[in-house]
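Data first, discussion second: the structure below is written as C-alpha coordinates.
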Amino acid sequence: MSDPNKEWPLWEVFVRGKGGLSHRHVGSVHAADAKMALEHARDTYTRRMEGVSIWVLPSAQITASDPADADALFAPAEDKVYRHPTFYKIPDGVTHI
Amino acid sequence: MDALVTYALRLGDDSLVLGQRLSEWCGHAPALEIDLSLANVALDQIGQATHFLALAGALESKGRDADQLAFRRDVMDFTNCLLVEQPNGDFAQTIARQFLFAQYQTLLFAEMARVKDERFAAIAAKALKEVSYHATLASDWVVRLGDGTEESKARMIAGLDWMWRFADELFLMDDVDVAAINAGAGVDKAALTAAWDSRVDAVLVEARLERPPARRAIVGGRSGRHSEHLGHMLSEMQFLQRAYPDAEW
(Lines give C-alpha, C1' and ligand atoms only; values in the text may rest on other atoms or scores of the structure.)
Protein backbone atom coordinates (compact mmCIF):
# COMPACT_ATOMS: atom_id res chain seq x y z
CA MET A 1 0.00 0.00 0.00
CA SER A 2 2.95 2.34 0.64
CA ASP A 3 4.11 2.38 -2.99
CA PRO A 4 1.68 4.70 -4.79
CA ASN A 5 2.54 3.06 -8.13
CA LYS A 6 1.05 -0.18 -6.87
CA GLU A 7 -2.31 1.35 -5.98
CA TRP A 8 -5.21 0.66 -8.28
CA PRO A 9 -6.25 3.66 -10.38
CA LEU A 10 -8.93 5.97 -9.05
CA TRP A 11 -12.47 6.04 -10.48
CA GLU A 12 -15.15 8.68 -9.96
CA VAL A 13 -18.57 7.35 -9.01
CA PHE A 14 -21.92 8.79 -10.09
CA VAL A 15 -25.20 7.44 -8.74
CA ARG A 16 -28.74 7.99 -10.02
CA GLY A 17 -30.93 8.23 -6.94
CA LYS A 18 -34.14 7.24 -8.72
CA GLY A 19 -35.64 7.24 -12.17
CA GLY A 20 -35.94 10.75 -13.62
CA LEU A 21 -33.10 12.23 -11.57
CA SER A 22 -29.68 12.75 -13.07
CA HIS A 23 -26.56 10.90 -11.92
CA ARG A 24 -24.84 12.75 -9.11
CA HIS A 25 -21.18 12.56 -8.13
CA VAL A 26 -20.94 10.71 -4.81
CA GLY A 27 -17.23 9.95 -4.40
CA SER A 28 -14.49 7.74 -5.74
CA VAL A 29 -13.12 4.19 -5.48
CA HIS A 30 -9.88 2.42 -6.33
CA ALA A 31 -10.20 -0.42 -8.82
CA ALA A 32 -8.09 -2.28 -11.36
CA ASP A 33 -10.67 -2.17 -14.15
CA ALA A 34 -14.11 -0.83 -14.99
CA LYS A 35 -16.00 -3.92 -13.84
CA MET A 36 -14.24 -3.94 -10.48
CA ALA A 37 -14.89 -0.21 -10.19
CA LEU A 38 -18.63 -0.81 -10.66
CA GLU A 39 -18.62 -3.55 -8.01
CA HIS A 40 -16.68 -1.40 -5.58
CA ALA A 41 -18.98 1.54 -6.24
CA ARG A 42 -22.02 -0.66 -5.62
CA ASP A 43 -20.56 -1.99 -2.38
CA THR A 44 -19.32 1.39 -1.16
CA TYR A 45 -22.01 3.84 -2.18
CA THR A 46 -25.34 2.02 -2.58
CA ARG A 47 -25.49 0.05 0.67
CA ARG A 48 -28.43 2.06 1.96
CA MET A 49 -30.62 2.00 -1.16
CA GLU A 50 -29.10 5.19 -2.50
CA GLY A 51 -29.33 4.30 -6.15
CA VAL A 52 -30.89 2.65 -9.16
CA SER A 53 -27.98 3.19 -11.56
CA ILE A 54 -24.23 3.71 -11.28
CA TRP A 55 -21.67 5.30 -13.60
CA VAL A 56 -17.93 5.04 -13.06
CA LEU A 57 -15.22 6.73 -15.03
CA PRO A 58 -11.45 6.92 -14.64
CA SER A 59 -10.58 10.01 -12.61
CA ALA A 60 -7.67 10.60 -15.01
CA GLN A 61 -10.22 11.19 -17.79
CA ILE A 62 -11.65 14.25 -16.06
CA THR A 63 -10.39 17.63 -17.20
CA ALA A 64 -10.98 20.16 -14.46
CA SER A 65 -10.93 23.92 -14.48
CA ASP A 66 -8.08 25.54 -12.60
CA PRO A 67 -9.17 27.24 -9.36
CA ALA A 68 -6.66 29.98 -10.16
CA ASP A 69 -8.79 30.86 -13.20
CA ALA A 70 -11.98 31.15 -11.16
CA ASP A 71 -12.17 34.94 -11.46
CA ALA A 72 -11.83 34.94 -15.23
CA LEU A 73 -14.20 32.03 -15.65
CA PHE A 74 -17.00 32.81 -13.23
CA ALA A 75 -16.89 36.40 -12.02
CA PRO A 76 -18.08 37.92 -15.33
CA ALA A 77 -21.47 36.23 -14.82
CA GLU A 78 -22.04 37.97 -11.50
CA ASP A 79 -23.66 41.17 -12.86
CA LYS A 80 -25.63 39.55 -15.68
CA VAL A 81 -28.91 39.32 -13.77
CA TYR A 82 -30.82 39.44 -17.05
CA ARG A 83 -29.64 35.87 -17.69
CA HIS A 84 -31.92 34.61 -14.92
CA PRO A 85 -35.49 34.03 -16.04
CA THR A 86 -36.86 36.33 -13.33
CA PHE A 87 -38.44 38.99 -15.51
CA TYR A 88 -41.52 37.04 -16.49
CA LYS A 89 -45.01 37.28 -14.99
CA ILE A 90 -46.08 33.77 -14.00
CA PRO A 91 -49.73 33.02 -14.79
CA ASP A 92 -51.80 32.19 -11.71
CA GLY A 93 -52.70 28.70 -12.94
CA VAL A 94 -49.05 27.52 -13.17
CA THR A 95 -48.13 25.69 -9.99
CA HIS A 96 -44.92 23.76 -10.62
CA ILE A 97 -42.41 26.49 -11.34
CA MET B 1 -36.35 -33.56 15.78
CA ASP B 2 -38.85 -32.66 13.14
CA ALA B 3 -37.31 -32.81 9.67
CA LEU B 4 -38.40 -29.30 8.70
CA VAL B 5 -36.79 -27.86 11.83
CA THR B 6 -33.52 -29.55 10.92
CA TYR B 7 -33.89 -28.42 7.32
CA ALA B 8 -34.29 -24.78 8.34
CA LEU B 9 -31.45 -25.12 10.86
CA ARG B 10 -29.07 -26.39 8.18
CA LEU B 11 -29.86 -23.49 5.91
CA GLY B 12 -29.49 -21.03 8.76
CA ASP B 13 -26.24 -22.57 9.98
CA ASP B 14 -24.69 -22.47 6.50
CA SER B 15 -25.39 -18.75 6.23
CA LEU B 16 -24.48 -17.97 9.83
CA VAL B 17 -21.10 -19.69 9.78
CA LEU B 18 -20.15 -18.23 6.42
CA GLY B 19 -21.28 -14.77 7.54
CA GLN B 20 -19.17 -15.00 10.69
CA ARG B 21 -16.16 -16.25 8.72
CA LEU B 22 -16.42 -13.42 6.21
CA SER B 23 -16.78 -10.80 8.90
CA GLU B 24 -13.37 -11.89 10.23
CA TRP B 25 -12.00 -9.97 7.24
CA CYS B 26 -13.43 -6.70 8.53
CA GLY B 27 -10.50 -4.29 8.83
CA HIS B 28 -8.04 -6.77 7.29
CA ALA B 29 -8.96 -6.92 3.60
CA PRO B 30 -6.36 -6.06 0.94
CA ALA B 31 -8.12 -2.77 0.12
CA LEU B 32 -10.77 -0.60 1.73
CA GLU B 33 -13.22 -1.33 -1.08
CA ILE B 34 -12.76 -5.10 -0.69
CA ASP B 35 -13.24 -4.74 3.03
CA LEU B 36 -16.68 -3.30 2.30
CA SER B 37 -17.47 -5.92 -0.35
CA LEU B 38 -16.72 -8.79 2.04
CA ALA B 39 -18.59 -7.13 4.90
CA ASN B 40 -21.62 -6.67 2.65
CA VAL B 41 -21.60 -10.35 1.71
CA ALA B 42 -21.20 -11.25 5.39
CA LEU B 43 -24.19 -9.11 6.33
CA ASP B 44 -26.31 -10.68 3.59
CA GLN B 45 -25.44 -14.13 4.93
CA ILE B 46 -26.18 -13.17 8.53
CA GLY B 47 -29.50 -11.73 7.37
CA GLN B 48 -30.38 -15.04 5.72
CA ALA B 49 -29.31 -16.87 8.88
CA THR B 50 -31.60 -14.68 10.96
CA HIS B 51 -34.58 -15.60 8.78
CA PHE B 52 -33.87 -19.33 8.60
CA LEU B 53 -33.00 -19.69 12.30
CA ALA B 54 -36.09 -17.72 13.31
CA LEU B 55 -38.12 -20.08 11.14
CA ALA B 56 -36.41 -23.11 12.70
CA GLY B 57 -37.20 -21.77 16.16
CA ALA B 58 -40.83 -21.14 15.24
CA LEU B 59 -41.25 -24.61 13.70
CA GLU B 60 -39.65 -26.19 16.75
CA SER B 61 -41.95 -24.24 19.11
CA LYS B 62 -39.77 -24.62 22.18
CA GLY B 63 -39.38 -20.89 22.61
CA ARG B 64 -35.92 -20.64 21.05
CA ASP B 65 -35.40 -17.61 18.83
CA ALA B 66 -32.70 -17.03 16.19
CA ASP B 67 -30.25 -15.58 18.73
CA GLN B 68 -30.58 -18.52 21.08
CA LEU B 69 -30.03 -20.95 18.23
CA ALA B 70 -27.00 -19.01 17.04
CA PHE B 71 -25.32 -18.36 20.38
CA ARG B 72 -26.42 -21.14 22.76
CA ARG B 73 -25.77 -24.27 20.76
CA ASP B 74 -22.53 -26.22 21.00
CA VAL B 75 -20.37 -27.15 18.06
CA MET B 76 -21.80 -30.66 17.53
CA ASP B 77 -25.29 -29.19 17.32
CA PHE B 78 -24.32 -27.08 14.32
CA THR B 79 -25.50 -28.55 11.03
CA ASN B 80 -23.66 -26.38 8.52
CA CYS B 81 -21.70 -27.94 5.67
CA LEU B 82 -17.94 -28.19 6.16
CA LEU B 83 -17.17 -25.81 3.29
CA VAL B 84 -18.43 -22.67 5.03
CA GLU B 85 -16.45 -23.27 8.24
CA GLN B 86 -13.11 -23.57 6.43
CA PRO B 87 -10.62 -20.92 7.52
CA ASN B 88 -10.29 -17.75 5.48
CA GLY B 89 -6.62 -18.36 4.63
CA ASP B 90 -5.45 -15.71 2.21
CA PHE B 91 -7.80 -13.66 0.04
CA ALA B 92 -7.73 -16.25 -2.76
CA GLN B 93 -8.74 -19.04 -0.38
CA THR B 94 -11.67 -16.95 0.86
CA ILE B 95 -12.68 -16.22 -2.74
CA ALA B 96 -12.48 -19.93 -3.60
CA ARG B 97 -14.86 -20.79 -0.75
CA GLN B 98 -17.19 -17.94 -1.69
CA PHE B 99 -17.16 -18.88 -5.35
CA LEU B 100 -18.07 -22.55 -4.82
CA PHE B 101 -20.70 -21.76 -2.21
CA ALA B 102 -22.33 -18.80 -3.97
CA GLN B 103 -22.78 -20.86 -7.14
CA TYR B 104 -24.51 -23.52 -5.01
CA GLN B 105 -26.67 -21.02 -3.12
CA THR B 106 -27.77 -19.35 -6.34
CA LEU B 107 -29.02 -22.64 -7.78
CA LEU B 108 -30.53 -23.74 -4.46
CA PHE B 109 -32.48 -20.55 -3.80
CA ALA B 110 -33.68 -20.28 -7.40
CA GLU B 111 -35.39 -23.65 -6.87
CA MET B 112 -36.49 -22.97 -3.29
CA ALA B 113 -38.15 -19.70 -4.32
CA ARG B 114 -40.68 -21.91 -6.16
CA VAL B 115 -41.52 -24.42 -3.42
CA LYS B 116 -45.04 -24.68 -2.03
CA ASP B 117 -44.15 -23.74 1.55
CA GLU B 118 -44.36 -19.93 1.43
CA ARG B 119 -42.09 -19.42 4.44
CA PHE B 120 -39.14 -21.11 2.78
CA ALA B 121 -40.01 -19.69 -0.64
CA ALA B 122 -40.11 -16.11 0.67
CA ILE B 123 -36.72 -16.27 2.35
CA ALA B 124 -35.22 -17.93 -0.72
CA ALA B 125 -36.65 -15.32 -3.09
CA LYS B 126 -35.11 -12.50 -1.07
CA ALA B 127 -31.80 -14.31 -0.65
CA LEU B 128 -31.58 -15.20 -4.33
CA LYS B 129 -30.96 -11.56 -5.29
CA GLU B 130 -28.19 -11.33 -2.73
CA VAL B 131 -26.38 -14.54 -3.60
CA SER B 132 -26.60 -13.86 -7.34
CA TYR B 133 -24.43 -10.83 -6.70
CA HIS B 134 -22.10 -12.85 -4.46
CA ALA B 135 -21.65 -15.35 -7.29
CA THR B 136 -20.80 -12.58 -9.76
CA LEU B 137 -18.41 -10.91 -7.36
CA ALA B 138 -16.59 -14.13 -6.47
CA SER B 139 -16.47 -15.34 -10.09
CA ASP B 140 -14.92 -12.06 -11.21
CA TRP B 141 -12.23 -12.44 -8.56
CA VAL B 142 -11.53 -16.05 -9.54
CA VAL B 143 -10.92 -14.83 -13.10
CA ARG B 144 -8.79 -11.88 -12.01
CA LEU B 145 -6.62 -13.93 -9.69
CA GLY B 146 -6.49 -17.02 -11.89
CA ASP B 147 -5.65 -15.07 -15.01
CA GLY B 148 -3.53 -12.49 -13.18
CA THR B 149 0.08 -12.68 -12.08
CA GLU B 150 2.05 -15.85 -11.41
CA GLU B 151 1.60 -15.35 -7.69
CA SER B 152 -2.14 -14.65 -7.84
CA LYS B 153 -2.63 -17.72 -10.03
CA ALA B 154 -0.67 -19.92 -7.62
CA ARG B 155 -2.73 -18.63 -4.70
CA MET B 156 -6.02 -19.14 -6.53
CA ILE B 157 -5.05 -22.72 -7.38
CA ALA B 158 -4.08 -23.37 -3.76
CA GLY B 159 -7.34 -21.84 -2.52
CA LEU B 160 -9.49 -23.95 -4.84
CA ASP B 161 -7.43 -26.98 -3.93
CA TRP B 162 -8.21 -26.47 -0.24
CA MET B 163 -11.94 -25.96 -0.75
CA TRP B 164 -12.62 -28.50 -3.48
CA ARG B 165 -12.83 -31.49 -1.09
CA PHE B 166 -15.84 -29.93 0.62
CA ALA B 167 -17.96 -29.24 -2.48
CA ASP B 168 -19.54 -32.70 -2.78
CA GLU B 169 -21.20 -32.38 0.62
CA LEU B 170 -23.28 -29.46 -0.64
CA PHE B 171 -25.29 -31.79 -2.86
CA LEU B 172 -25.68 -34.80 -0.55
CA MET B 173 -29.26 -35.87 0.07
CA ASP B 174 -30.46 -37.62 3.22
CA ASP B 175 -33.76 -38.36 5.02
CA VAL B 176 -34.14 -34.75 6.11
CA ASP B 177 -33.89 -33.51 2.52
CA VAL B 178 -36.39 -36.06 1.28
CA ALA B 179 -38.83 -35.24 4.08
CA ALA B 180 -38.48 -31.52 3.32
CA ILE B 181 -39.21 -32.14 -0.36
CA ASN B 182 -42.26 -34.20 0.55
CA ALA B 183 -43.42 -31.38 2.83
CA GLY B 184 -43.21 -28.92 -0.07
CA ALA B 185 -40.26 -26.99 1.36
CA GLY B 186 -37.14 -28.76 0.15
CA VAL B 187 -35.04 -28.83 -2.99
CA ASP B 188 -33.51 -31.83 -4.75
CA LYS B 189 -29.90 -30.75 -4.31
CA ALA B 190 -28.52 -33.75 -6.18
CA ALA B 191 -30.29 -32.44 -9.27
CA LEU B 192 -28.32 -29.18 -9.05
CA THR B 193 -24.89 -30.74 -9.61
CA ALA B 194 -24.93 -30.61 -13.42
CA ALA B 195 -25.75 -26.90 -13.48
CA TRP B 196 -23.19 -26.22 -10.73
CA ASP B 197 -20.49 -28.10 -12.63
CA SER B 198 -21.12 -26.19 -15.83
CA ARG B 199 -21.19 -22.77 -14.11
CA VAL B 200 -18.04 -23.49 -12.14
CA ASP B 201 -16.27 -24.90 -15.18
CA ALA B 202 -17.19 -21.87 -17.31
CA VAL B 203 -15.54 -19.53 -14.79
CA LEU B 204 -12.48 -21.76 -14.45
CA VAL B 205 -12.04 -21.76 -18.23
CA GLU B 206 -12.24 -17.97 -18.31
CA ALA B 207 -9.72 -17.86 -15.45
CA ARG B 208 -7.46 -20.25 -17.41
CA LEU B 209 -7.45 -22.63 -14.47
CA GLU B 210 -7.65 -26.41 -14.50
CA ARG B 211 -10.55 -28.00 -12.66
CA PRO B 212 -8.99 -29.44 -9.48
CA PRO B 213 -8.68 -33.24 -9.64
CA ALA B 214 -11.49 -35.19 -8.00
CA ARG B 215 -10.53 -36.28 -4.51
CA ARG B 216 -12.18 -38.18 -1.72
CA ALA B 217 -14.92 -35.89 -0.47
CA ILE B 218 -14.96 -34.94 3.19
CA VAL B 219 -18.45 -34.88 4.70
CA GLY B 220 -20.11 -34.88 8.10
CA GLY B 221 -21.18 -31.31 8.80
CA ARG B 222 -24.89 -32.05 8.46
CA SER B 223 -24.69 -34.53 11.33
CA GLY B 224 -22.49 -32.36 13.53
CA ARG B 225 -19.09 -33.89 12.69
CA HIS B 226 -17.09 -30.73 12.11
CA SER B 227 -13.49 -29.77 11.50
CA GLU B 228 -11.49 -28.34 14.41
CA HIS B 229 -11.92 -24.88 12.86
CA LEU B 230 -15.59 -24.48 13.74
CA GLY B 231 -15.13 -24.79 17.51
CA HIS B 232 -12.53 -22.03 17.53
CA MET B 233 -14.79 -19.81 15.46
CA LEU B 234 -17.79 -20.40 17.72
CA SER B 235 -15.80 -19.71 20.89
CA GLU B 236 -15.22 -16.21 19.58
CA MET B 237 -18.69 -15.75 18.09
CA GLN B 238 -20.53 -17.00 21.17
CA PHE B 239 -18.27 -15.55 23.85
CA LEU B 240 -20.42 -12.58 24.78
CA GLN B 241 -23.71 -14.47 25.10
CA ARG B 242 -21.97 -17.23 27.06
CA ALA B 243 -20.27 -14.82 29.44
CA TYR B 244 -23.27 -12.50 29.79
CA PRO B 245 -26.38 -14.51 28.95
CA ASP B 246 -29.22 -12.44 27.44
CA ALA B 247 -27.04 -9.35 27.19
CA GLU B 248 -28.58 -6.81 24.81
CA TRP B 249 -27.32 -3.62 23.26
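Small disclaimer: the values here were computed from a predicted structure and weren't measured. Order of the sequence lines sets the chain letters (A, B, ...), proteins ahead of strands, with each chain counted from 1.
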For this session: Apply side chain to side chain contact (heavy atoms under 4.5 Å, CB included) to the pair A:E39 and B:D140, showing each step before the final yes or no.
Result: CA-CA 10 Å; A:E39 287 167 356; B:D140 286 350; 2.3 Å; yes
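- Going from atom CH2 of A:W8 over to atom CD1 of B:I34 covers 3.5 Å, rounded to the nearest 0.5 Å.
- Atom OH of B:Y244 is surrounded by 12 or fewer heavy atoms from other residues, nucleotides or ligands within 6.0 Å.
- Shown here is A:E50, whose CD atom has more than 12 heavy atoms of other residues, nucleotides or ligands within 6.0 Å.
- What you find for B:R144 and A:K35 is that their closest heavy atoms are NH2-C, 4.1 Å.
- Of the possible polar contacts, one joining the B:E33 side chain to the A:H30 backbone as a donor-acceptor pair under 3.5 Å is found.
- Residues A:H40 and B:W141 approach most closely at NE2-CZ2, 4.5 Å, considering heavy atoms.
- Residue A:R47 places its CZ atom among more than 12 non-hydrogen atoms of other residues, nucleotides or ligands, all under 6.0 Å distant.
- Crowding of A:D71 atom CG: a count of heavy atoms from other residues, nucleotides or ligands under 6.0 Å not exceeding 12.
- Scanning all heavy atoms of the two residues, the minimum distance from A:D43 to B:N40 falls at O-ND2, 3.1 Å.
- Shown here is B:R211, whose CZ atom has more than 12 heavy atoms of other residues, nucleotides or ligands within 6.0 Å.
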